[in-house]
Structure formats: C-alpha cells, structure tokens
Amino acid sequence: SGYYEALVLFSELSSKDDSLLVLDEPALHFHPIKIKYLARIFMEMARRQIILITHSPYFLDVSLFSPGRNLVYIKKGINNDSQILTKPSKPQINIAPYLFKSDLFFSKCSIFVEGAGDASALAAISDALGSIFERHDIFLVDSGGMGNIDNYHDVVSSYRVNYVAMVDHEYQGWTSTDFTILPGKLENELQNLGWTGNVNSSIDPQEAYDFIFGKMQNDNDKKMVKQSGLGSVFNAALRKVNTDPDSIW
C-alpha cells in the first residue's frame, strides 16, 4: 500500500511549485517492477525538489548527472568515518539508460569489461570457486561495447569507485594501472586455454561460461586460467577488496 500512498502524495504535490519531498528508503517492501515505475515518476517530476535516500540501484540512472540534478554518495569508512562525494561539475555520461549499471555504487569493487562474453567468462571463474564475486561484493559491469567503458571515467573518478578493468588490445580509451589490457581479445585468451572456436567472430556468452567453468574443474587447467588475462583481472579485483587471491584459488 505504501507504493500507492506515495503516488497519492506525488499527486497532491503536483500543483505546488515550491514543494519539497524527502523520502527515506522508499524501496523497502516494494516489488522490483514497481520500484522502477516509482523511479520513473521521480525522474519525470522535473519541477519538484526531491531528496531521496536509498540503497536501491533502481533509483539511480544517468539522468542524475544532468543539469539541475545531483547524486550524493556517502561512503562509510573502516573507522565509521564518512566521505560525502558529489558528481563532477561537467560530467560526460554518454551512456544509454538501459546500459548504465548503477549497481557499481553498491559494490566494494567493480570489474569493467567490454561485453557479455567477457563478463560470462569471469563469472564462471567466480562460480567455480564458490560464488567469490557475491561473497566479496564484487560487481561485473558489462559495458555493452568497447566505447562505453570510457564513458564511466567521470563517475568512477568523482565517486571514488573501486574498480579494475579488462579490455582488448584494440581499446583506445581511458586507461590506468587498474586496467588489464589483453594482448589480443577474449577469444584469443580462450584459444590459449584450448578453445577451438573461431577467434575472428564473437563467442556466445553461454559458450564462454561453459568453457571456463569446465576448465576450472581440472587442477592443471585451473592453473592455466589463473595465469591468463582472465585470472589477472580476477586477482586484481580480489586485491581491491583486501583478499589474497592465492587463498581463493
């Protein structure tokens, strides 16, 4: 019922230009689809001042980086000290709303990759080792294409998001010491591990997952995965969350 009460409240406020609405954790006890709908209503209330406190990624989208809107990110430190971070003055968030991965704000480390095949291969390592990503709050960001990784730069920098990235050798965008740049591309990495598919065409994500997950079942093959570019970015993410990779493998 809270969802509909909120809609009634919005309706009552709609005629008041000077209204201010403050909501604390409006996603609690809501169905996910209804949360998305409520978030859409927020975004369409351009003339209302809304202050919303949430732990739900459904309320975060690229519109928060547009003029007149703001996303304040409060990070709690080890000693309960907090950092209050806000968006860059001139953000360059050129990401389609359906591609923007807002879950990165709720992770201890995000792994940026170019596409679904890369994400599936890394997920297979995590799953084979006992759901490591979920256990350590590591989030895979399928950027939906090589060019989209670069568009996350201002978000990562301004909000001090812990991250690592894995990109193909052709990538020409933003890089840092936290990037693993493959000597070829994902298909070449898999070929080095024994995959016999066509390296000149993109691998199906399910095929990439099944291949790596299968390799993780054999000690010798698992050692090869660890020494690959996939293993390198996996280990880098673990170090970001203060975990020794050797204790996981």
Side-chain angles (χ1 to χ4, degrees), residues 24-30 32 35-36 39 52-62 64 71-87 93 95 99-116 118-144 148-149 151-167 176-180 205 208-209 212-213 216 225-226 229-249:
D24 183 16
E25 302 292 356
L28 292 180
H29 310 300
F30 278 8
I35 297 172
K36 290 182 180 181
L52 188 151
I53 303 163
T54 184
H55 286 83
S56 172
Y58 294 122
F59 288 109
L60 308 184
D61 69 12
V62 292
L64 291 171
L71 172 62
V72 178
Y73 185 34
I74 301 176
K75 298 183 69 172
K76 192 173 183 179
I78 297 175
N79 300 316
N80 290 326
D81 53 325
S82 296
Q83 299 177 34
I84 301 177
L85 307 169
T86 59
K87 71 178 184 180
I93 313 302
I95 305 173
L99 288 176
F100 183 64
K101 302 296 193 272
S102 56
D103 299 66
L104 65 90
F105 287 102
F106 302 94
S107 70
K108 290 182 180 177
C109 179
S110 288
I111 304 178
F112 290 93
V113 296
E114 295 180 14
D118 307 271
S120 295
L122 287 167
I125 300 176
S126 170
D127 291 351
L129 293 174
S131 303
I132 295 304
F133 289 160
E134 290 79 8
R135 283 166 52 190
H136 293 276
D137 299 323
I138 296 171
F139 178 62
L140 273 170
V141 180
D142 170 4
S143 300
N148 281 329
I149 291 182
N151 291 326
Y152 279 100
H153 175 264
D154 285 341
V155 174
V156 168
S157 300
S158 297
Y159 293 102
R160 301 178 192 174
V161 173
N162 251 351
Y163 78 93
V164 295
M166 183 180 76
V167 294
S176 74
T177 55
D178 293 308
F179 273 65
T180 294
Y209 181 96
I212 293 298
F213 192 88
M216 293 293 292
V225 174
K226 181 181 179 182
L230 292 166
S232 177
V233 72
F234 182 85
N235 292 344
L238 288 174
R239 294 189 188 100
K240 285 283 186 176
V241 295
N242 300 314
T243 300
D244 176 20
D246 289 333
S247 69
I248 299 298
W249 288 93

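What you see is a predicted model; the values in this text were computed from it and never measured.
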- Task: Look only at the side chain of Ser247 and the backbone of Asp244, and say whether a donor-acceptor pair between them is shorter than 3.5 Å.
- Result: yes
- Message: Is the ring pair Phe133/Phe234 parallel, tilted or perpendicular, if the boundaries are 30 and 60 degrees?
- Response: tilted
- Message: Could you check whether Asp137 pairs with Lys240 (Lys NZ or Arg NE/NH1/NH2 to Asp/Glu carboxylate O, under 4.0 Å)?
- Response: no
- Query: Which heavy-atom pair separates Ile149 from Glu114 by the least distance, and what is that distance?
  - Reply: CD1-CG, 3.8 Å
- Separation of Asn148 CG from Phe100 CZ (nearest 0.5 Å): 11.5 Å
- Message: Between Ser143 (side chain only) and Val113 (backbone N and O only), is there a donor and an acceptor less than 3.5 Å apart?
- Response: yes
- Flag, side chain of Asp118 to backbone of Gly115, donor-acceptor distance under 3.5 Å: yes
- Euclidean distance, Ile132 CD1 relative to Ile248 CD1, rounded to 0.5 Å: 4.0 Å
- Note on the structure: Separation between CG (Asn235) and CG (Leu230), nearest 0.5 Å, reads 11.0 Å
- Message: Just so I know, are the side chains of Val141 and Ile111 near enough to count as touching, which here means a heavy-atom distance under 4.5 Å?
- Response: no
- Query: Between the side chain of Arg135 and the main-chain N/O of Gly130, is any donor-acceptor distance below 3.5 Å?
  - Reply: yes
- Task: Kindly state each residue pair satisfying side chain to side chain donor-acceptor pair (under 3.5 Å) with at least one member in residues 123-133, sequence neighbours excluded.
- Result: Asp127-Tyr209
- Going by distance alone, is a donor N or O of one side chain under 3.5 Å from an acceptor N or O of the other, for Ser107 and Tyr163? no
- Item | Ser157 side chain vs Asp154 backbone, donor-acceptor pair below 3.5 Å | no
- Determine, using ring centers only, whether Phe106 and Phe139 are less than 6.0 Å apart. no
- Note on the structure: Across all chains, not counting sequence neighbours, the side-chain hydrogen bond (donor to acceptor under 3.5 Å, both in side chains) partners of Arg160 are Gln83
- Message: For a 4.5 angstrom cut-off between non-hydrogen side-chain atoms, does Thr86 reach Tyr73?
- Response: no
- Query: Less than 4.5 Å apart, any side-chain heavy atom of Ile125 and any of Ile212?
  - Reply: yes
- Distance-minimising heavy-atom pair for His136 and Val241: O-CG1, 3.8 Å
- Task: Check Ser110 against Val161 and note the closest heavy-atom contact, atom names and distance.
- Result: OG-CG1, 4.5 Å
- Message: For a 4.5 angstrom cut-off between non-hydrogen side-chain atoms, does Ile138 reach Leu238?
- Response: yes
- Message: With rounding to the nearest 0.5 angstrom, report the CG to CZ distance, Asp178 to Arg239.
- Response: 11.5 Å
- For Ser102 and Pro57, which heavy atoms make the closest approach, and how far apart are they? OG-O, 2.8 Å
- Query: Any side-chain heavy-atom pair from Phe112 and Lys101 closer than 4.5 angstrom?
  - Reply: no
